[in-house]
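Computed from a predicted structure; not experimentally measured. One-based numbering, in listed order, for ligands and for the atoms of each.
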Amino acid sequence: MRLAVFIFVLAVSLTTQALAGNRQVELVAKDGTYSPTEVVMAPGEKIDLIVKNQGSDAEEFESIELKREKIVAPGKSITVRLGPLKAGAYPFFGDFHPGTAKGKVVVKEATP
Ligand SMILES: [Cu+2]
């Protein structure tokens, strides 16, 4: 009986992990700014970057290095799947506010 309970709990936790999928990282776009300006991930990791536009006009998340370009309407959010990536820095910007909306994805080993 105890074993059955253990197996059930194990099955539930594995299912939860599978459904949860990639780590989610939030990036807020607001009136020509990004916050945070640095998104850190580990080499080989896959993340879902949730870009939320809390500003009053549209933004376009864009990165040449990451090969991504996606419009996010005001008050909406988009999901940008990233990774696996090699160690390095991958700049991104807001194509509708290229002068001010800037940031980078930094891929590095976690420091213990
Ligand atoms: Cu663009």
Side-chain angles (χ1 to χ4, degrees):
M1 193 60 184
R2 268 187 167 175
L3 184 64
V5 170
F6 172 75
I7 289 167
F8 175 75
V9 169
L10 186 69
V12 168
S13 74
L14 287 176
T15 307
T16 308
Q17 265 182 23
L19 289 175
N22 301 339
R23 181 165 68 94
Q24 298 203 329
V25 179
E26 202 175 292
L27 178 70
V28 172
K30 190 173 184 182
D31 302 325
T33 62
Y34 278 127
S35 177
T37 54
E38 200 172 291
V39 172
V40 180
M41 55 191 282
E45 188 186 12
K46 291 184 194 173
I47 66 165
D48 289 345
L49 186 66
I50 315 294
V51 185
K52 292 187 174 178
N53 187 349
Q54 294 180 353
S56 52
D57 59 350
E59 186 56 279
E60 186 180 58
F61 176 87
E62 181 157 355
S63 172
I64 292 143
E65 288 79 0
L66 295 165
K67 301 182 182 73
R68 294 289 186 281
E69 187 175 26
K70 206 167 182 179
I71 291 175
V72 52
K76 303 283 184 194
S77 63
I78 55 162
T79 301
V80 180
R81 292 240 156 104
L82 296 178
L85 292 165
K86 291 177 186 169
Y90 303 79
F92 60 80
F93 59 98
D95 205 16
F96 296 162
H97 308 85
T100 57
K102 294 175 187 174
K104 61 184 171 182
V105 173
V106 177
V107 181
K108 62 179 181 185
E109 296 289 352
T111 42

Worksheet item: Which of parallel (below 30°), tilted (30 to 60°) and perpendicular (above 60°) describes Phe92 and Tyr34?
Response: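 Ring orientation of Phe92 relative to Tyr34: perpendicular.
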Worksheet entry | Those residues that, when tested against Asp95, pass side-chain hydrogen bond (donor to acceptor under 3.5 Å, both in side chains) (two or more places apart) |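 side-chain hydrogen bond (donor to acceptor under 3.5 Å, both in side chains) check on Asp95 returns nothing, list empty.
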Worksheet entry | Straight-line distance of Glu65 CD to Lys104 NZ, nearest 0.5 Å |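 Here the rounded value is 11.5 Å.
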Worksheet item: List-wise, which protein N, O or S atoms are found short of 2.8 Å from the Cu ion (ligand 1)?
Response: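 Listed by chain and number, the atoms are Glu60 OE1, Glu62 OE1, Glu69 OE2, Asp95 OD2.
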Worksheet item: Taking the side chain from Lys70 and the backbone from Thr79, do they hold a donor-acceptor pair closer than 3.5 Å?
Response: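 Between the backbone of Thr79 and the side chain of Lys70 there is a qualifying donor-acceptor contact (under 3.5 Å).
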Fill in: Donor-acceptor pair, side chain of Ser63 and main chain of Pro91, under 3.5 angstrom
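Confirmed, Ser63 side chain pairs with Pro91 backbone.
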Discussion item. Please tell me whether Phe96 and Val51 are part of a single hydrophobic cluster in this structure, the criterion being side-chain heavy atoms less than 4.5 Å apart.
Written reply: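 Looking at the clustering, Val51 is in a separate group from Phe96.
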